[in-house]
J.: 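My questions all concern the structure below.
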Amino acid sequence: MTKTYADLVAAVRESDAKAQVLIGELTDSRAREPSALPGWSRGHVVTHLSRNADALNRFVIGVNSGEPAEMYPGGPPARTAAIEEGADRPASLLAADYRFSGSRLVQALAEVPADRLDTPVNWRKPVTAHDLPILRWNEIEIHLTDLDVGYTCHDWPPEYVEFTLARQLGALEAAAPNVAVPSLSDAETLAWLIGRPPRPGLPKLPAWPY
């Protein structure tokens with residue numbers, strides 16, 4: 001499935017709007033309850049999504065300025081500290097933080113000039129500015145399932161499943177060529193590929209992202 005950069009930004013905008021609604025529905029007590037990620041509350045997940053938006057926004061600024069930026073200044077320890085610091089905030093502040101950081105990133109992504117889309121970005125593996133909306137799309141859709149508020153892989157947009165599944169199946173061949181893909185729906189297959197198996201007993205895979 002081929003998508004233009006504008007298509008990808010539009011998809012992120014839709015997912016971000018959906019995330020704002022779901023996050024905005026959290027109460028203080030629900031925000032402090034465990035998420036589907038071990039050791040993290042829902043507040044941790046929301047704070048991570050907000051700080052990820054800030055991190056990708058730094059990439060956009062670096063792309064536009066010609067000065068490469070770090071994703072998380074201070075590295076993993078600073079990233080972890082920021083998430084821990086913000087996780088226990090009231091639900092209203094978690095939601096406001098997400099609205100601001102997420103909306104700012106969507107707008108920044110929309111304004112990246114076409115002649116800058118091939119600019120390399122210092123992510124975990126070699127990517128370009130063209131890939132930044134894809135990174136954010138993944139973060140939003142996957143972590144909305146991690147919030148454990150009733151949003152599951154079956155709620156993922158069909159275009160997200162189709163686009164991402166094709167990319168991840170290709171990566172699987174390189175990362176684990178001897179692993180057979182189980183017989184599942186497309187959404188469940190994608191969930192399995194990215195480390196959110198929809199049921200027990202499925203083959204284990206290398207850590208996502210490939």
Side-chain angles (χ1 to χ4, degrees), residues 3-26 31 37 40 42-76 78-83 85-87 89 91-147 151 156-157 159-160 163-164 167 194 208-209:
K3 281 189 172 294
T4 67
Y5 182 79
D7 291 336
L8 292 168
V9 173
V12 172
R13 192 184 301 276
E14 291 183 9
S15 289
D16 181 72
K18 174 175 53 186
Q20 289 190 31
V21 172
L22 290 173
I23 291 169
E25 292 173 348
L26 290 176
L37 292 177
W40 271 17
R42 294 189 178 104
H44 283 89
V45 176
V46 175
T47 303
H48 167 62
L49 279 169
S50 298
R51 300 293 72 79
N52 172 263
D54 291 344
L56 295 181
N57 190 61
R58 281 191 286 273
F59 278 160
V60 172
I61 292 171
V63 166
N64 291 338
S65 68
E67 299 180 4
E70 290 183 75
M71 188 172 189
Y72 293 102
R79 169 188 175 274
T80 300
I83 294 171
E85 182 179 358
R89 290 172 295 170
S92 60
L93 292 183
L94 290 168
D97 184 16
Y98 180 85
R99 282 195 304 272
F100 174 80
S101 58
S103 298
R104 180 177 66 172
L105 174 60
V106 171
Q107 186 61 36
L109 290 171
E111 295 174 355
V112 175
D115 62 0
R116 299 270 184 170
L117 293 179
D118 291 332
T119 303
V121 172
N122 187 28
W123 192 58
R124 298 187 187 101
K125 60 182 182 180
V127 297
T128 67
H130 185 279
D131 299 305
L132 292 178
I134 299 173
L135 300 182
R136 185 57 177 173
W137 204 13
N138 279 326
E139 287 289 328
I140 295 173
E141 290 298 336
I142 293 167
H143 286 313
L144 283 183
T145 68
D146 293 333
L147 270 182
Y151 188 87
W156 283 335
E159 64 170 349
Y160 173 73
F163 178 82
T164 310
R167 293 165 62 90
I194 61 178
W208 185 87

J.: Keeping R116 on the side-chain end and V63 on the backbone end, is there a donor-acceptor pair under 3.5 Å?
T.: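 A pair under 3.5 Å: yes.
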J.: Could you give me the CA-CA distance, side-chain angles and deciding distance for L37 and H143, then say whether side-chain contact (heavy atoms from CB on, under 4.5 Å) is met?
T.: CA-CA 9 Å; L37 292 177; H143 286 313; 4.1 Å; yes
J.: Closest approach of A31 and L94, non-hydrogen atoms and distance?
T.: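 For A31 versus L94, the nearest heavy atoms are CB-CD1, 3.8 Å.
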J.: Which distance, rounded to the nearest 0.5 Å, do you find between the CD of E139 and the OG of S15?
T.: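 Here the interatomic distance stands at 12.0 Å.
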J.: Would you please classify the geometry between the F163 ring and the W137 ring as parallel, tilted or perpendicular, with 30° and 60° separating the classes?
T.: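 It falls in the tilted class, 30° to 60°.
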J.: Any side-chain donor paired with an acceptor under 3.5 Å for N52 and R136?
T.: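 Checked: N52/R136 side chains pair up, N/O donor to acceptor below 3.5 Å.
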J.: Is any side-chain heavy atom of L132 less than 4.5 Å from a side-chain heavy atom of L135?
T.: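 Answer yes - side chains close enough.
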J.: Can you give me the closest heavy-atom contact between P133 and V9, atom names plus distance?
T.: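 Nearest heavy atoms, P133 then V9: CG-CG2, 3.9 Å.
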J.: State, to 0.1 Å, how close G24 and A95 come at their nearest heavy-atom pair, and which atoms those are.
T.: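 Closest approach of G24 to A95, heavy atoms only: CA-CB, 4.1 Å.
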J.: Taking all non-hydrogen atoms of both residues into account, name the closest pair between R99 and S103 and its distance.
T.: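 Nearest pair, atom of R99 first, then S103: O-OG, 2.8 Å.
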J.: Run the salt bridge (charged side-chain N to carboxylate O under 4.0 Å, His left out) test on R13 and D16 for me, step by step, so that the C-alpha distance in whole Å, both residues' side-chain angles and the decisive distance to 0.1 Å come before the verdict.
T.: CA-CA 5 Å; R13 192 184 301 276; D16 181 72; over 6 Å; no
J.: For a side-chain contact (heavy atoms from CB on, under 4.5 Å) check, start with the C-alpha distance between E85 and T47, then their side-chain angles and the critical distance, and finish with the verdict.
T.: CA-CA 9 Å; E85 182 179 358; T47 303; over 6 Å; no
J.: Quick one: does M71's side chain get under 4.5 Å of R124's, heavy atoms only?
T.: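 No. Closest side-chain heavy atoms not under 4.5 Å.
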J.: With rounding to the nearest 0.5 Å, note down the distance linking CG in D97 to OG in S92.
T.: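 Answer rounded to 0.5 Å: 11.0 Å.
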J.: Would V121 and D131 count as a side-chain contact (heavy atoms from CB on, under 4.5 Å) if you check the C-alpha gap in whole Å, the side-chain angles of each, and the deciding distance to 0.1 Å?
T.: CA-CA 9 Å; V121 172; D131 299 305; over 6 Å; no
J.: Is there a donor-acceptor pair under 3.5 Å between the side chain of T145 and the backbone N or O of I142?
T.: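 It does hold such a pair.
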J.: With sequence neighbours excluded, what pairs up with N122 under the side-chain hydrogen bond (donor to acceptor under 3.5 Å, both in side chains) test?
T.: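 side-chain hydrogen bond (donor to acceptor under 3.5 Å, both in side chains) check on N122 returns nothing, list empty.
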J.: Assign the ring pair H44 / W40 to parallel, tilted or perpendicular, where the plane angle (0 to 90°) is split at 30° and 60°.
T.: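 Parallel: the ring planes of H44 and W40 meet at under 30°.
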J.: Run the ring-ring contact (aromatic ring centres under 6.0 Å, His included) check on F59 and W123 step by step: do they pass?
T.: CA-CA 9 Å; F59 278 160; W123 192 58; 8.6 Å; no
J.: Are the side chains of L8 and H130 in touch, meaning some heavy atoms are under 4.5 Å apart?
T.: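 With C-beta onward as the side chain, the pair touches.
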J.: Could you go through V112 and N64, starting from their C-alpha distance and side-chain angles, then the distance that decides it, and tell me whether this counts as side-chain contact (heavy atoms from CB on, under 4.5 Å)?
T.: CA-CA 7 Å; V112 175; N64 291 338; 4.2 Å; yes
J.: Under 3.5 Å, is there a donor-acceptor pair between the Y72 and D54 side chains?
T.: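 No - no donor-acceptor pair under 3.5 Å links their side chains.
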J.: Between L109 and Y5, what is the shortest heavy-atom contact and its length?
T.: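 That would be O-OH, 2.7 Å.
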J.: About how many Å separate OH of Y160 and CD of E14, when rounded to the nearest 0.5 Å?
T.: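 OH of Y160 is found 14.5 Å from CD of E14.
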J.: Please round to the nearest 0.5 Å and tell me the distance separating atom CD1 of I140 and atom CD of Q20.
T.: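 I140 CD1 to Q20 CD: 9.0 Å, rounded to 0.5 Å.
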J.: Decide yes or no on salt bridge (charged side-chain N to carboxylate O under 4.0 Å, His left out) for R42 and D146, but give the supporting numbers first.
T.: CA-CA 8 Å; R42 294 189 178 104; D146 293 333; over 6 Å; no
J.: Roughly how far, to the nearest 0.5 Å, is the CG atom of L144 from the CG atom of L147?
T.: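 The CG atom of L144 is 6.0 Å from CG of L147, to the nearest 0.5 Å.
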J.: To check you understand the geometry: which heavy-atom pair defines the closest contact between S101 and A53, and what is its length?
T.: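 Distance-wise, the nearest heavy atoms are O-CB, 3.5 Å.
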J.: Looking just at side-chain N and O atoms, do E141 and T164 make a donor-acceptor pair shorter than 3.5 Å?
T.: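 Short answer, no.
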